[in-house]
There are 2 protein chains.
Amino acid sequence: MKLADAKQQFISSWGAFASHWGINKTMAQIHALLLISPDPLTQDDVMEELSLSRGNVNMNMRELVDWALVSRMIIPGERKEFFTAEKDIWKVATQIIKERKRRELDPMMKLLATLEAVEGDVDDKHLKQFTATVGGIKKFGAQADKMLEAMVKADEHWLLSTLLRFFK
Amino acid sequence: MKLADAKQQFISSWGAFASHWGINKTMAQIHALLLISPDPLTQDDVMEELSLSRGNVNMNMRELVDWALVSRMIIPGERKEFFTAEKDIWKVATQIIKERKRRELDPMMKLLATLEAVEGDVDDKHLKQFTATVGGIKKFGAQADKMLEAMVKADEHWLLSTLLRFFK
DNA sequence: TTTTATTTTCAATAAATTTTGAAAATAAAA
DNA sequence: TTTTATTTTCAAAATTTATTGAAAATAAAA
């Protein structure tokens with residue numbers, strides 16, 4: 001396979017893959033493009049390469065910077081801004097985990113804690129099942145939380161360390 | 001907080017949470033409702049409880065059955081079909097992991113393997129970065145895959161059973 | 001300062017996804 | 001068998017989400 005074809009396929013598949021994970025397809029494609037670009041790119045480069053409008057690139061690029069997956073670069077002598085992606089996949093993954101944990105998992109855990117304190121007749125089977133379910137999810141979430149914490153703190157030998165910690 | 005309010009909040013929050021993970025909001029809400037229902041429900045029950053159309057409930061219910069998170073139940077003497085959700089959160093999680101691994105991770109890993117075999121000038125920095133990125137993701141994916149495999153194979157009493165072995 | 005290049009915003013539009021509901025299909029009862 | 005209950009399908013409508021592109025804002029150069 002030629003590089004040009006491989007690039008195309010990588011970018012489009014990565015976008016499709018990401019969309020199964022609640023991530024905007026275009027954002028994932030821009031990220032993919034930057035991940036395989038040896039040099040920083042401008043917004044115009046991305047516009048041209050992916051056939052996207054200026055506004056679209058600008059908004060998704062800002063989102064990538066917001067997630068700390070991409071950083072702005074000032075190149076001396078150049079007027080345009082350049083963008084470059086963190087290439088270390090381990091760092092990329094831990095960064096995503098960190099952010100999603102903070103934005104999604106932590107608030108959900110907090111909510112579950114308040115829901116567990118629901119009041120009512122302790123003999124009501126509906127109440128029993130509700131607290132059992134919420135409690136079960138909370139417990140599982142706490143375990144997952146620990147595991148993700150460990151992953152984020154761990155280095156490349158994370159598999160061993162996370163497995164060791166996971167069921168504690 | 002009253003049970004009725006807590007239920008409402010749980011169902012709606014769970015739906016919102018799930019939509020960040022590529023899961024249909026309604027499907028997640030139906031799942032949430034079944035998770036906190038002590039008894040099996042019919043499609044009409046779900047329609048009424050969540051104010052959804054018959055078609056919507058039917059399609060999402062089938063999807064839940066397809067994911068093996070919910071099962072159809074025949075109750076003797078009842079003409080309607082009943083549905084019940086697996087309540088063990090550990091089993092729910094491993095089932096989701098198993099399915100998503102099969103549907104998303106495995107195909108992506110396979111694709112990355114073919115993309116790594118891209119041909120071209122070995123001194124081209126674009127080619128170098130491409131293979132480095134694809135290789136890095138593949139390596140990370142393989143590690144994650146191993147971890148998920150381990151999780152799916154382990155059961156809730158993993159820690160207990162290994163501890164017990166020590167004392168035999 | 002003015003001019004020019006570049007980035008950002010956001011209302012309008014387009015695209016994708018979800019939801020509806022009535023008709024068709026299926027299955028159980030009479 | 002026919003009737004009745006229930007489930008399934010799917011084209012159309014509604015809703016949500018993504019994208020555009022031109023105008024406004026910003027920043028650099030002249």
Side-chain angles (χ1 to χ4, degrees), chain A residues 11-34 39-67 70-84 103-104, chain B residues 11-34 39-67 70-84 103-104:
Chain A
I11 290 167
S12 107
S13 301
W14 197 252
F17 182 72
S19 69
H20 285 127
W21 293 87
I23 291 148
N24 180 292
K25 192 187 69 174
T26 301
M27 180 174 153
Q29 290 188 345
I30 295 173
H31 189 213
L33 175 62
L34 290 171
D39 305 311
L41 300 180
T42 65
Q43 293 194 165
D44 287 82
D45 293 335
V46 176
M47 281 169 66
E48 174 153 4
E49 194 95 28
L50 303 180
S51 305
L52 297 169
S53 73
R54 184 173 303 285
N56 199 1
V57 169
N58 187 274
M59 287 176 108
N60 280 292
M61 201 69 105
R62 133 150 4 172
E63 191 75 359
L64 284 166
V65 171
D66 207 51
W67 277 78
V70 165
S71 44
R72 290 168 199 277
M73 289 195 73
I74 304 298
I75 295 188
E78 293 276 5
R79 188 142 171 194
K80 287 183 180 176
E81 280 187 316
F82 284 74
F83 295 88
T84 186
R103 297 178 190 206
E104 298 156 31
Chain B
I11 290 167
S12 107
S13 302
W14 197 251
F17 182 70
S19 69
H20 284 129
W21 293 87
I23 290 147
N24 181 291
K25 191 186 70 174
T26 301
M27 179 174 153
Q29 289 188 345
I30 295 174
H31 189 214
L33 174 63
L34 289 171
D39 304 310
L41 301 179
T42 64
Q43 293 195 168
D44 288 81
D45 294 335
V46 176
M47 281 169 65
E48 174 153 2
E49 194 94 28
L50 303 180
S51 305
L52 297 169
S53 72
R54 184 172 304 285
N56 199 1
V57 170
N58 187 273
M59 286 175 107
N60 281 292
M61 200 69 103
R62 132 143 10 166
E63 191 77 358
L64 284 167
V65 171
D66 205 52
W67 277 79
V70 165
S71 43
R72 290 168 199 277
M73 289 194 72
I74 303 298
I75 294 188
E78 293 277 4
R79 187 139 171 195
K80 287 183 181 176
E81 279 186 316
F82 284 73
F83 295 88
T84 187
R103 298 177 191 206
E104 298 156 31

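The chains referred to below are lettered A, B, ... by the order of the sequence lines, with proteins before strands, and numbering in each begins at 1. All values derive from a computational prediction rather than experimental measurement.
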Asn58(B) side chain to Arg54(B) main-chain N or O, any donor-acceptor pair under 3.5 Å?
no
Main chain of Glu63(A), side chain of Asp66(A): is a donor-acceptor contact present, judged purely on distance under 3.5 Å?
no
Inter-residue atom distance Leu33(B).CG - Leu50(B).CG, 0.5 Å rounding
5.0 Å
Distance check needed: [N] [atom2] versus [X] [atom1], whole Å only.
X	N	atom1	atom2	result
Glu63(A)	dT9(C)	CD	C1'	15 Å
Asn56(B)	dT16(D)	CG	P	13 Å
Asn60(A)	dT19(D)	CG	P	7 Å
Leu50(B)	dT18(C)	CG	P	17 Å
Met47(A)	dT20(D)	CE	P	9 Å
Ile75(B)	dA28(C)	CD1	P	15 Å
Leu41(A)	dT7(C)	CG	C1'	17 Å
Met59(B)	dT8(D)	CE	C1'	9 Å

Proximal nucleotide (of [options]) relative to the [X] side chain:
X	options	result
Lys80(A)	dT6(C), dT8(C), dT19(C)	dT6(C)
Arg79(A)	dA27(D), dT8(D), dT6(D)	dA27(D)
Ser53(B)	dT7(C), dG21(C), dT20(D)	dG21(C)
Arg72(B)	dA18(D), dT19(C), dT8(D)	dT8(D)

Identify the two heavy atoms, one from [X] and one from [Y], that lie closest to each other, and give their separation to 0.1 Å.
X	Y	answer
Glu104(A)	Trp21(B)	OE1-NE1, 3.0 Å
Leu34(A)	Phe83(A)	CD2-O, 3.6 Å
Gly15(B)	Ala28(B)	CA-CB, 3.9 Å

How do Glu78(A) and Met27(A) order along DNA chain D: which one's closest nucleotide is nearer the 5' end?
Met27(A)
Hey, which of these two, Gln43(B) or Leu52(A), hits DNA chain D nearer its 5' end, going by closest nucleotide?
Gln43(B)
Name the pairing partner of [N], where a pair is Watson-Crick or G-U wobble with both distances under 3.5 Å, or state none.
N	value
dT1(C)	dA30(D)
dT6(D)	dA25(C)
dT19(D)	dA12(C)

For Thr26(A), report the nucleic acid contact type (base, sugar-phosphate, nothing); a contact means any heavy atom under 4.0 Å.
sugar-phosphate
Could you tell me whether Arg62(A) contacts a base, only the sugar-phosphate backbone, or nothing, with contacts defined as non-hydrogen atoms closer than 4.0 Å?
sugar-phosphate
Distance below 4.0 Å between Asn24(B) side-chain N/O and dT19(C) OP1 or OP2
yes
With a 4.0 Å limit, can you tell me whether Asn58(A) has a side-chain N or O closer than that to the phosphate oxygens OP1/OP2 of dT7(C)?
no
